Amino acid sequence: MTSQMTGAPGAQPLLQMTGIVKEFPGVRALDGVDLDVRAGEVHCLIGQNGAGKSTLIKVLSGFHHPDGGTIAWDGEEASFSTPAKAIDRGVATIYQELDLVPHLDVAENVFLGHEVSRAGFTHRHRAYERVRELLARLGHPEISPTRIVGELSPAKQQIVSMARALSRNTRLLILDEPSAVLDQEEVTNLFRVIRDLAAANVAVVYISHRLEEIREIGDRITVLKDGRTVATGLAVADTPTSELIRLMTGRSIQYVFPPRAERGPDLGGPVLEVRGLGLAGVFTGVDLTVRAGEIVGLAGLVGAGRSEILETVYGARRASTGTVAVDGKVLRRGSVGHAVRAGIGLAPEERKSQALLLDEAVYKNITVSTMARFARLGFLDQREERRRALELTRSMDVRPDGVTRAANTLSGGNQQKVVLARWLLRDCRVLLLDEPTRGVDVGARSEIYQLIRSLADRGVAVVVVSSEIDEVLGLADRVLVVREGEVVHESAATAIDEAGVLDLVMEGRVPA
Amino acid sequence: MSHDTARVERAALETDREYNPALALLRTSVGRNAGLVVALALICVVGAVSAGDRFTSTDNALTVLRLAATIGVVSIGMTFVIIGGGIDLSVGAIVALSSVWCTTLASQQFAEDSHWTMMVLIAILVGAGCGLVNGLLIAYGNIVPFIMTLAMLASARGLAEIISDKKTQILGAKGTDVSGFKDFFNREILGVDVSIWIFAIVAVIGWVLLNRTTFGRRTVAVGGNPEAARLAGINVKRHTVYLYVLVGVCAGIAALLLVARTTTGSSTHGNLYELDAIAAVVIGGTLLTGGRGTIVGTVLGVLIFSTLTNIFILNNRSFSEQSLFKGAIIVAAVLLQQRLASRSTTT
């Protein structure tokens with residue numbers, strides 16, 4: 001809950017955007033957006049994928065020049081035509097895809113573009129000192145200013161990004177889905193930092209898909225839909241969640257988890273059997289059996305080794321110990337090709353960089369793992385490919401319709417459906433899903449859940465990794481809790497609640 | 001409510017590339033290639049105006065195509081490597097090595113006893129072998145393509161110099177009978193040289209391979225997003241090896257065309273072919289970062305360059321002026337493509 005005053009009524013906003021329009025060839029990304037942000041408040045910006053949030057922050061940080069509308073800064077009309085101008089005014093943005101230079105060290109990244117120097121010579125010691133102060137303020141004194149940024153975890157990279165923002169005289173801090181790369185503990189730390197900043201009269205624009213976070217940190221909310229502001233300045237405390245969902249979607253829905261199969265103990269036989277699987281330095285001794293029709297969830301913090309377990313099962317990483325077997329057949333270690341042929345499919349965490357060929361047509365993305373099936377002597381039957389792909393996308397309700405459009409024209413949720421369709425087409429026996437709803441908007445989530453459950457009902461053995469505990473608990477039949485590379489708990493999903501899982505992942509304690 | 005649905009539909013239409021005729025066309029490969037055709041036509045107009053009949057004659061057209069054939073074959077192979085996310089700087093050196101190796105063979109006793117197609121086989125095998133070395137070291141040795149093929153550029157030409165003792169090896173100089181080889185390559189079919197036919201056949205095979213086969217689809221996937229390709233179950237490393245073997249084979253074929261045209265094998269053959277080929281591929285709209293490109297574009301790129309060279313020669317302009325102009329064209333073409341590319345990616 002916020003204890004802070006959100007500025008007196010009538011107080012002049014730090015930033016006032018009115019009727020902002022931004023057009024790209026063929027798309028009107030922003031179509032009249034209003035937003036006012038006051039100093040010292042945490043202003044949440046919500047909306048589905050494609051609502052225009054990213055474009056809006058790019059306008060604010062000087063990357064895009066708006067085609068219409070006005071921006072007032074401190075009550076005066078101002079232009080944010082270049083990133084340099086935005087930075088000079090004190091706008092700092094923490095992007096979803098972090099914009100750090102991986103080969104430089106922490107201090108060099110923090111002061112990139114405004115190096116601590118005298119007469120052109122960089123002043124290393126002073127820089128290191130200041131970075132240490134900043135990192136301590138951000139609750140991470142353990143990060144060394146001399147560490148190479150590329151070696152840090154995404155969560156720590158975000159801290160570095162924050163340090164960079166703080167190293168300037170920041171008056172408006174924009175955070176684009178900052179919690180996506182963070183685990184619960186990190187989020188708590190992030191919120192503490194945000195509260196400190198707001199108390200120091202910095203205005204914060206917080207973008208998130210997670211409504212519960214907004215409840216916790218936000219003061220006011222602006223809702224975007226289809227490039228327009230549909231509501232602005234809603235007080236967080238007085239606006240029910242159902243109202244926000246209605247504004248964002250035009251529909252009233254909640255996260256609805258599909259009912260579990262009623263079969264109970266007489267599920268199919270074991271399909272995926274993992275025995276003593278280990279990856280040196282990451283995780284050890286993982287045992288996992290998934291039966292046909294079962295969904296097993298892996299809960300745990302980011303960095304606990306969940307994604308690595310999936311990738312090792314899939315052969316994308318070479319296991320140092322243990323075996324993976326599908327239908328009793330042991331797979332060759334470290335061979336994705338072998339795993340795929342044995343019937344395993346993976347929907348990786350980073351959809352865009354690990355799963356999709358963004359510039360390519362949807363149908364090519366779907367058939368990429370089954371190409372040989374459409375080929376005779378290497379020649380592809382593209383009509384058949386398109387026909388099968390269209391059948392699948394229609395049955396999964398991928399929107400917009402049509403399989404010849406490029407994959408990057410689809411929203412996150414629909415892209416995820418395309419990845420699922422790929423494995424569906426392969427009739428895979430085992431499906432490994434890493435953060436299946438990351439970047440998927442509220443409306444499409446339930447559809448993805450439904451789809452995963454229907455896959456299981458068809459006899460697929462499913463393993464789901466998610467940072468959102470309620471998602472694991474709601475979707476899975478059985479839950480494994482992973483902590484620092486070890487499975488610390490296994491039970492039916494209904495036998496443990498969110499607090500219990502949280503306790504396990506944080507403390508490793510067995511719930512009372 | 002109906003207003004809402006209308007909005008959604010409109011948004012769907014607006015984000016759909018197929019519904020923006022003018023811009024969408026320029027973004028598609030067909031549209032880009034149409035642009036290249038227009039450019040080539042303009043260049044031909046310049047040629048016709050400045051050189052008149054000497055340019056427009058059928059003979060001259062054949063000269064242009066003959067000029068295009070050798071570099072064209074190399075460029076087709078280069079297109080695959082670049083779409084697959086790599087680069088091959090060693091093609092020129094491979095051409096030299098292949099030419100020397102197969103003409104050495106032809107000047108030895110061995111050639112007496114075997115059919116002339118042995119030369120063809122040797123040239124192609126030498127090319128494939130160099131490509132295999134490139135590919136294996138790039139894929140499994142994790143050497144950056146630029147560096148690996150730079151090393152091959154130096155080594156292959158060095159080896160060619162050693163084998164030939166830096167001398168130009170004239171076909172059949174030692175009295176060996178190479179008439180079969182000469183007859184085959186100097187023949188005309190339907191009034192068109194065999195070398196031009198070979199270029200055409202390689203281009204057609206390249207097009208089919210890229211657009212209609214699993215090999216082509218995998219090439220695009222590997223170049224466009226290697227991680228996604230790997231996680232989709234494609235053997236990225238093996239495919240990378242295939243790509244370098246493919247460009248090596250193309251270099252071998254180009255060496256044969258060059259040997260037939262000049263009746264020599266030399267360690268200086270194919271000098272700077274790598275740059276001409278890369279230039280043609282880039283002009284043709286293939287992204288140097290991989291994942292996108294067309295064979296038709298590459299063929300047009302090759303034709304644009306060879307036509308320009310021809311016009312410069314007909315007008316008695318120097319080679320230096322030609323090079324200067326070539327550079328300008330490359331920059332202009334890339335600038336234009338970047339414009340189109342940036343328009344198509346912003347959302």
Side-chain angles (χ1 to χ4, degrees), chain A residues 24-29 50 54-55 64 225-228 250 311 314 316 335-341 344-348 350-360 364-365 367-372 374-375 377-382 399-402 404-406 408-410 419 422 426, chain B residues 1 3-5 7-24 26-29 208-218 220-239 287 289-292 340-347:
Chain A
F24 295 113
V27 192
R28 193 163 239 224
S54 298
T55 313
H64 291 326
K225 184 175 178 247
D226 297 334
R228 279 192 189 154
E311 286 168 14
Y314 190 59
S335 167
V336 171
H338 205 231
V340 169
R341 278 194 297 280
I344 306 188
L346 170 76
E350 300 289 338
R351 204 157 37 236
K352 290 186 179 183
S353 65
Q354 296 184 298
L356 291 169
L357 304 164
L358 288 168
D359 289 334
E360 295 300 314
K364 292 183 184 174
N365 273 287
T367 59
V368 69
S369 293
T370 25
M371 241 187 269
F374 296 96
L377 297 172
F379 286 85
L380 287 162
D381 182 348
Q382 300 191 20
R399 269 168 296 178
D401 203 17
T404 54
R405 62 173 54 249
N408 60 10
T409 60
L410 298 180
V419 176
R422 174 188 299 171
R426 228 198 131 82
Chain B
M1 201 60 214
H3 173 72
D4 251 22
T5 351
R7 261 193 66 83
V8 169
E9 272 168 17
R10 203 186 74 205
L13 287 178
E14 281 174 353
T15 50
D16 191 340
R17 293 175 172 202
E18 288 155 339
Y19 287 87
N20 295 289
L23 271 165
L26 275 173
R27 283 191 214 117
T28 62
S29 50
V208 172
L209 200 58
L210 184 62
N211 296 294
R212 290 285 179 265
T213 69
T214 52
F215 182 86
R217 188 71 65 73
R218 286 189 187 130
V220 174
V222 166
N225 192 342
E227 178 70 357
R230 188 174 81 99
L231 292 179
I234 293 173
N235 192 331
V236 174
K237 287 183 187 294
R238 194 167 61 197
H239 195 81
L287 286 185
T289 47
R292 202 189 308 167
L340 293 173
S342 70
R343 279 190 191 179
S344 66
T345 48
T346 42
T347 327

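Note on naming: letters A, B, ... go to the chains in the order of the sequence lines (proteins, then strands), and numbering restarts at 1 for each one. Remember, predicted model here, so these are calculated numbers, not experimental data.
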About how many Å separate [atom2] of [Y] and [atom1] of [X], when rounded to the nearest 0.5 Å?
X      : Y      : atom1 : atom2 : value
B:N211 : A:L380 : CG    : CG    : 10.5 Å
A:L356 : B:L231 : CG    : CG    : 11.5 Å
A:M371 : B:T213 : CE    : OG1   : 9.0 Å

Checklist entry - Does B:R217 reach the side chain of A:T367, with side-chain heavy atoms less than 4.5 Å apart? => result yes
Item to check | Partner residues of B:N225 under the side chain to side chain contact (heavy atoms under 4.5 Å, CB included) criterion, sequence neighbours left out | outcome: A:L357, B:E227, B:A228
Is [X] close to chain B through its backbone or its side chain, or both, or neither, when contacts mean heavy atoms under 4.5 Å?
X      : result
A:Q354 : both
A:F379 : both
A:R422 : side chain
A:A355 : backbone

Checklist entry - Would a distance-only check, ignoring hydrogens and angles, find a side-chain to backbone donor-acceptor pair under 3.5 Å from A:S369 to B:A232? => result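 Checking the backbone N and O of B:A232 against the side chain of A:S369, a donor-acceptor pair under 3.5 Å is found.
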Checklist entry - Looking at B:T214 and A:A375, what are the two nearest heavy atoms and their distance? => result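 Scanning both residues completely, I find the closest heavy atoms to be CG2-CB, 3.5 Å.
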